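For reference, the structure discussed in these notes is given below.
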Amino acid sequence: MKEVMSVEAEGGQAPLPVPVQGGGTTRPDLQQRAMKILRAREAYNNGYDEEVGEKPPRFEVWGWYLYEFCSYFVLTVLIPIVFPLIISQLQQLPTDSLQDWNKSHQGLICSQKETHLYLKLTSHTIRTSSGSKYSSLEWTSIAWATGLAIAAPVLGFLSFHLDGHFPKLITAAATGVGVFFCLPAGFFKVTAIFIPYIAGIVAASTVASAAHTHHLGLMIRSFTGPILKKSQFATRQGVSSWLSLYATSAGCLGSALISAFTYHMLRELNTNEHDLMSLWVVSIFSGLIWLVGVLHVFTATSRTTDSISFASKLHPFSIFKYPHAIGALAGVFLSSFTTMAIFIGGVLFIVDQLCIKPLHLLYYWLMYFLFPIVSLPLLQPMQHMIKMNSVKMQMVGFILSLLSSGFGFYFGHSHWKWGHILVLGAVQSTSTGILHAFGRVLVLDCAPSGKEGAFSIWFAWMRAAGLCVGFTVGSVAPGHVRASFGAAFCTAIVGIVILLFGNISDVGGAVAAGHVRDDSDQRSSTVPALDSKDSSRV
């Protein structure tokens, strides 16, 4: 074969019979077939490079992990924990609030500092011009919802450019805006100013998350190629789950770092004065960590083409043409709601009803954010061993949330030991990681080539919206843990029902998106432009 391939007449001349060992000659049709195969291979490789680019190098993947490490904590620690604590330090407690709390918690020994923090968080001490009263937690929910309202039109506009030339610029700009609002968080001692602070951070985080998810879609396509056979879809599953699981683990590590630093600064807090400095330092530190994630922009490889024309006004809504993607979005919203409602409801229950030692609260936070670093990477080999796809893995996550919320609801009036709290944190943290990682993968499986940005904006917004609603439900009725755990239990059931009976499939979504074709489809051959006879000879 080497002798046959080495003789192609220059200038397009017809090939001549070539002598081979043994005194014979090769047939011209065999030589033509060999050259046809080589030209098809070259054309395929050139087309592959133009469409998906080169495979991501290691430093690009690590850069993508870095951004998850530097940004995941924004909606899991900074907004739901740090900012409500900062706002609470501006509030003045009524003189009788501490006495009322002691009457309702007879027999429990709680530190005065812990009690003051809880009461400032949950008491309706923020009065608006209309006469309405809100707690620090509710004020955070209002600001969070405002940020989502701001992010919605911005995401729609940027979807044209995410699928074009500017995804890296969008990531850097969104991160810069978020960091800008983190830095002056304690400069003005005015409660109202935290609405634009939090709203700006939420909007920036949502946009950055969309760009981050969009980049994952491009990397998956670069690793696996533009089109796969159904029998090869397990390759895409392996790559996407590997990237998403390890990134979520990195994000949990970042959240553990910020939560531990928050606890450390809480110990320095002076609850008798309007002490903003301690928690302001946490906000500044969080912003600087988030800024470090911009290094991902310099490690990322550009793989997109021209921006989508603004004449395609329905581009941001193209996801609604794909039923599997809509079902995946429903799962993202419900999972985000469920996990945040359990987390916030659990933290308030631990502080209010159990009065555990402050150090044990730190243990709970560390267990919640560090345990997925071990549990999530172990899930990938297990997933392939028992052949579970993204939909089934999400069902596992919902089932774990069912166990956590059901346990909390049933034993809501019991006195837990801190070992029970750690077990709850370990189980629920694994559920949170699974639902986030595989929800992201399922949405991208349903995203056609060139529309990853249009799908990513919906994933980012629905996730942020679910976390916001879950935070609101978990904090609106402090002292009534059964309310938040019961709501989370119900939404987990709804999520399982949607995944079971909603006709949602990662393979079906990938087929609809054009990532996968039937094994019998000639277009899914590894070397296109060949007939079946020639393809079998490659």
Side-chain angles (χ1 to χ4, degrees), residues 37-69 162-171 211-250 293 295-306 377 380-381 383-384 389-390 437-438 440-453 455-456 506-507 509-510 513-517 523-530 535 538:
I37 291 173
L38 289 177
R39 287 193 296 269
R41 277 179 171 169
E42 182 179 359
Y44 173 74
N45 290 333
N46 292 337
Y48 179 92
D49 291 339
E50 291 177 1
E51 182 172 0
V52 302
E54 61 182 7
K55 290 186 178 181
R58 182 172 299 180
F59 69 89
E60 181 179 4
V61 175
W62 280 101
W64 189 76
Y65 289 160
L66 174 66
Y67 194 82
E68 186 96 355
F69 170 83
L162 272 179
D163 289 318
H165 273 312
F166 306 107
K168 294 197 288 186
L169 177 61
I170 291 172
T171 302
H212 187 59
T213 305
H214 167 261
H215 192 181
L216 173 61
L218 298 184
M219 287 199 300
I220 293 173
R221 185 152 53 94
S222 296
F223 271 118
T224 62
I227 301 173
L228 296 173
K229 298 179 181 179
K230 272 190 177 181
S231 58
Q232 298 172 324
F233 185 69
T235 303
R236 180 183 174 94
Q237 284 182 326
V239 170
S240 58
S241 61
W242 160 56
L243 290 171
S244 193
L245 282 172
Y246 278 86
T248 304
S249 299
L295 291 174
H296 161 59
V297 172
F298 302 100
T299 63
T301 303
S302 297
R303 294 184 175 83
T304 50
T305 56
D306 295 334
Q380 192 188 19
Q383 175 197 3
H384 294 297
N389 57 26
S390 300
F438 288 99
R440 175 166 55 187
V441 167
L442 184 57
V443 170
L444 290 176
D445 282 340
C446 302
S449 175
K451 294 185 178 180
E452 291 90 351
F455 281 58
S456 296
D506 53 354
V507 177
H515 299 310
V516 175
R517 294 195 175 107
R523 293 173 297 173
S524 60
S525 298
T526 55
V527 182
L530 296 178
S535 178
V538 178

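All of these numbers come straight from a predicted model, not from anything done at the bench. Along the sequence shown, residues are numbered consecutively beginning with 1.
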Checklist entry - Atom NZ of Lys168 and atom CZ of Phe298: how far apart are they, to the nearest 0.5 Å? => result 9.0 Å
Item to check | Side-chain (Ser222) to main-chain (Leu218) donor-acceptor, under 3.5 angstrom | outcome: yes
Checklist entry - Within a strict 4.5 Å, meaning less than it, do heavy atoms of the His296 and Glu68 side chains meet? => result no
Next on the checklist: Check whether Gln380 reaches the backbone of Leu245 with its side chain - one donor and one acceptor, N or O, closer than 3.5 Å.
Outcome noted: no
Checklist entry - Minimum heavy-atom separation for Ser241 to Phe438, with atom names? => result CB-CE2, 3.7 Å
Checklist entry - Roughly how far, to the nearest 0.5 Å, is CZ of Phe69 from OG of Ser249? => result 12.5 Å
Item to check | Ring geometry between Tyr67 and His212 (parallel below 30°, tilted from 30 to 60°, perpendicular above 60°) | outcome: tilted
Item to check | Non-hydrogen atoms of Gly453 and Asp163 that approach each other most closely | outcome: N-OD1, 2.6 Å
Next on the checklist: Under the rule for side chain to side chain donor-acceptor pair (under 3.5 Å), what residues qualify as partners of Thr171, not counting sequence neighbours?
Outcome noted: none
Checklist entry - Would Tyr246 and Trp64 count as a side chain to side chain contact (heavy atoms under 4.5 Å, CB included) if you check the C-alpha gap in whole Å, the side-chain angles of each, and the deciding distance to 0.1 Å? => result CA-CA 10 Å; Tyr246 278 86; Trp64 189 76; over 6 Å; no
Checklist entry - Does Glu60 reach the main-chain N or O of Thr301 with its side chain, forming a donor-acceptor pair under 3.5 Å? => result yes
Item to check | Exercise: identify the closest heavy-atom pair between Leu444 and His515 | outcome: O-NE2, 4.0 Å
Next on the checklist: For the CG atom of Leu243 and the CZ atom of Arg440, what is their distance to the nearest 0.5 Å?
Outcome noted: 9.0 Å
Checklist entry - Can you check whether Tyr65 reaches Thr248 side chain to side chain, under 4.5 Å on heavy atoms? => result no
Checklist entry - Side-chain donor-acceptor pair under 3.5 Å between Gln237 and Asn389, yes or no? => result no
Next on the checklist: Please report the interatomic distance CD(Glu452) to CD1(Ile220), rounded to the nearest 0.5 Å.
Outcome noted: 9.0 Å
Next on the checklist: To check you understand the geometry: which heavy-atom pair defines the closest contact between Ser390 and Asp506, and what is its length?
Outcome noted: N-OD2, 3.5 Å
Checklist outcome for this item: Here the gap from Arg236 atom CZ to Asp445 atom CG, rounded to the nearest 0.5 Å, amounts to 5.0 Å
Checklist entry - Will you find, in the side chains of Ser449 and Arg221, an N or O donor that is under 3.5 Å from an N or O acceptor? => result yes
Checklist entry - Can you check whether Lys229's main-chain N or O pairs, donor with acceptor, with Gln232's side chain at less than 3.5 Å? => result yes
Item to check | Interatomic distance, Thr299 atom OG1 to Trp62 atom CH2 [nearest 0.5 angstrom] | outcome: 12.5 Å
Item to check | With sequence neighbours excluded, residues passing ring-ring contact (aromatic ring centres under 6.0 Å, His included) with Phe455 | outcome: Tyr322
Checklist entry - Under the salt bridge (Lys or Arg N to Asp or Glu O under 4.0 Å) rule, what pairs show up with a residue in residues 237-250, not counting sequence neighbours? => result none
Checklist entry - So, the side chain of Gln383 versus the backbone of Pro381: is there a donor-acceptor pair under 3.5 Å, distance only? => result no
